[in-house]
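Here the structure is a predicted model, which is why all the values come from computation and not from measurement. Computed over heavy atoms, backbone and side chain alike; hydrogens, waters and symmetry mates excluded.
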Amino acid sequence: MHKHPTAPRGRLRRSTAAAVVAAVAASAFLAAPSAHANEPADPPAAQMPAPTPGFPLPTKHSQQAYDPASDFTSKWTRADAKQIMAQSDPTVAPGVNSMSPDVTMPEIPEDFPTMNEDVWVWDTWSLTDENANQISYKGWDVIFSLVADRDAGYGFDQRHWNARIGYFFRKTNADPAKDKWNYGGHVFADGASIGNTEWSGSTRLMQGNQVNVFYTATTFYDVAERNNGGGGIAPDAAIAKALGKIHADKNGVTFDGFQHTKLLEPDGTMYQTKAQNPGFAFRDPYTFADPAHPGKTFMVFEGNTGGTRGQYECKAEDLGYQPGDPNAENVNTVNSSGAYFQTANVGLAVADNKDLTKWSFLPPILSANCVNDQTERPQIFIQNENGKNKYYLFTISHQFTYAAGMRGPDGVYGFVGDGVRSDYQPMNNSGLALGSPTDLNLPSESPEAPTPNQNGRQFQAYSHYVQPGGLVQSFIDNVNGVRGGSLSPTVKINFRDGVSAVDRTFGQNGLGPFGYLPTNVKVGGAGHYK
């Protein structure tokens, strides 16, 4: 077992220079945002990677936009994902990071601080509006996290079926390098949510002090057995929302009055059901407005291609190789490898009423059939580039969910197009935008049982959340054998035109303050909380 640090940890000392960088960054984010799209992130110094001899060429993607209601689904192909290895160094010593520094998250120190002594913290998101602006409410910044009790008798890896949505707050004028987040407790009262477990989603401030918490309502039927190392009954999952109220005074932030509504369950045609696959994915709702379609509210979420598990057949378009490519795979060979078991997609839905209580499915905007089985926590991030709105679809995935013949790290994957539904081009030609240090020449593993010859930080961080300005927040999972459950140092990626690069001038050697999720829009007044 990889132990969790038992002694309380103090917040790490940061250099004065790091604090200044953080303060400057925070002030920059309080600039007035664009009404329709976020200001562009800083441009990267890197260029789109050139083809690598001995590897197939990536699929050609036009970035062309389509009607959101059309049946066009962009494909993250095997030819695209092969670029991850094409851009990896095959000559590094075993266990050394083999990926380019442009897509590698800086190393998190082993003596990281515990964010909260009572709960483990992982998937995290901000209070936002429909345009992904991060909201300061009456002088308080507010974030939401999946939390689980550190002292309930189960381990860190049993947190998933004990998860609740908790929230944290701190003053907007706090020093992010020194001032800790205040834990407010669970957002919902015990037993109030749909399902017995609350998984990730997004939270939007509506009119006045109303908030909509979109979340994954997951129901486990064998929690006690799972906590004791057994179990195995497949859970139910639905996408739900809760409309409630946020309150703020000199003492902090509270929530109440939530009314819960079940919104969507998988249809079995576009989105796989539990009956079709006990390990199906249907979760992580993220809602947003699209300036190209005023008055409409959309939602992206994680799904799997509809159909009984194991019956999908990989097609030439899933492979995506260019005609005559000497390094292309054969469809029959790919199918014989069992790659058809991996059928991740990013789903799309549209709200049918202004109350956001009724939704309709639209076809997936991205499929990863025969490439990967998980496209978790998708986000649509719209930014203005050269006078034109570009749509970035960010998602996260694991190395152990790749299909046979594929290899990639735990991290952020990104795709760019001209609309919500586009022929998305994978960022950096591969899709990989940010990964934990990994030796991709070694076999894939899982954070629960990594082998000692791999890089000790290959699972240092996960569940990345991309914020305005290219800031990326995540949680600490396993840093060289030390298990996490706290928020990671925020890092920054510079991206433009589908190319990204880690900004190592940000913070201290590329690591900003732990749990840095700055706000860029003030609502309800600045407050009187000094």
Side-chain angles (χ1 to χ4, degrees), residues 30 32-38 124-145 165-169 172 184 186-189 192-194 198-217 238-249 252-264 284-291 293-301 348-360 377-382 420 465 467-468 517-527:
L30 290 173
S34 166
H36 297 299
N38 288 276
T124 297
W125 60 94
S126 296
L127 177 66
T128 63
D129 65 12
E130 68 278 11
N131 296 314
N133 293 304
Q134 300 193 165
I135 303 298
S136 165
Y137 186 76
K138 293 189 175 181
W140 295 96
D141 293 355
V142 187
I143 60 174
F144 303 83
S145 301
I165 297 175
Y167 74 99
F168 296 81
F169 58 90
T172 298
H186 296 151
V187 175
F188 307 138
S193 58
I194 297 169
E198 299 154 10
W199 281 7
S200 294
S202 54
T203 303
R204 273 179 51 186
L205 182 67
M206 310 303 286
Q207 289 187 340
N209 71 332
Q210 294 191 97
V211 291
N212 259 322
V213 181
F214 297 88
Y215 67 100
T216 309
I239 288 173
K241 85 171 184 74
L243 179 65
K245 293 183 178 180
I246 183 174
H247 307 278
D249 60 21
V253 175
T254 58
F255 294 90
D256 63 20
F258 283 105
Q259 298 294 317
H260 296 255
T261 305
K262 184 184 291 186
L263 303 180
L264 293 166
D284 305 342
Y286 178 92
T287 70
F288 61 98
D290 178 6
H293 299 87
K296 290 186 179 294
T297 297
F298 294 97
M299 173 196 297
V300 288
F301 57 90
L348 185 68
V350 61
D352 297 326
N353 63 359
K354 291 186 177 180
D355 292 337
L356 307 183
T357 57
K358 297 182 184 300
W359 293 75
S360 295
R377 297 195 68 196
Q379 301 171 248
I380 292 288
F381 190 86
I382 305 171
V420 169
Y465 176 77
Q467 308 171 73
L517 293 94
T519 52
N520 64 312
V521 171
K522 294 180 179 180
V523 172

Heavy-atom check, side chain of [X] versus side chain of [Y], under 4.5 Å:
X      : Y      : value
Phe301 : Asp284 : no
Leu356 : Met206 : yes
Asn38  : Asn131 : no
Ile135 : Val142 : no
Glu198 : Val187 : no
Leu517 : Gln467 : yes
Phe288 : Thr128 : no
Leu263 : Phe214 : yes

Item checked: Passing option when Met299 is tested against Leu348, Ile239, Val350 for side chain to side chain contact (heavy atoms under 4.5 Å, CB included) -> Ile239
Margin query: Run the side-chain contact (heavy atoms from CB on, under 4.5 Å) test on Tyr286 and Arg377 for me, step by step, so that the C-alpha distance in whole Å, both residues' side-chain angles and the decisive distance to 0.1 Å come before the verdict.
Written below: CA-CA 8 Å; Tyr286 178 92; Arg377 297 195 68 196; over 6 Å; no
Inter-residue atom distance [X].[atom1] - [Y].[atom2], 0.5 Å rounding:
X      : Y      : atom1 : atom2 : answer
Trp359 : Thr287 : CH2   : OG1   : 5.5 Å
Leu205 : Ser126 : CG    : OG    : 12.5 Å
Ser200 : Ile165 : OG    : CD1   : 7.5 Å
Ser145 : Tyr465 : OG    : OH    : 11.0 Å
Lys138 : Asn209 : NZ    : CG    : 7.0 Å
Phe168 : Trp140 : CZ    : CH2   : 14.5 Å

Note to self: Does His247 form a side-chain contact (heavy atoms from CB on, under 4.5 Å) with Asp256? I'd like the steps, not just the answer.
What the structure shows: CA-CA 8 Å; His247 307 278; Asp256 63 20; 2.9 Å; yes
Heavy-atom closest pair, residues [X] and [Y]:
X      : Y      : answer
Ile382 : Ala289 : CD1-O, 4.0 Å
Pro518 : Gln134 : O-NE2, 2.7 Å
Leu243 : Gln210 : CD2-OE1, 3.6 Å
Ala132 : Pro468 : O-CG, 3.5 Å

Notebook entry, point to check: Quick one: side chain to side chain donor-acceptor pair (under 3.5 Å) partners of Trp125, sequence neighbours excluded?
Noted result: Thr203
Check: When the ring planes of Tyr167 and Phe144 are compared, do they come out parallel, tilted or perpendicular, using 30° and 60° as the limits?
Finding: tilted
Margin query: For Phe188 and Tyr215, take the angle between the two ring planes, folded into 0 to 90°, and tell me which bin it lands in: parallel under 30, tilted 30 to 60, perpendicular over 60.
Written below: tilted
Margin query: Under the rule for salt bridge (charged side-chain N to carboxylate O under 4.0 Å, His left out), what residues qualify as partners of Lys262, not counting sequence neighbours?
Written below: Glu265
Checklist line | With sequence neighbours excluded, residues passing side chain to side chain contact (heavy atoms under 4.5 Å, CB included) with Thr357 | finding: Lys241, Thr261, Asn353, Asp355
Next item on the list: Please step through side-chain contact (heavy atoms from CB on, under 4.5 Å) for the pair Ile380 and Asp290, ending with a clear verdict.
Entry: CA-CA 9 Å; Ile380 292 288; Asp290 178 6; over 6 Å; no
Note to self: For Thr519 and Tyr137: C-alpha separation, side-chain torsions, deciding distance, then whether side-chain contact (heavy atoms from CB on, under 4.5 Å) applies.
What the structure shows: CA-CA 9 Å; Thr519 52; Tyr137 186 76; over 6 Å; no
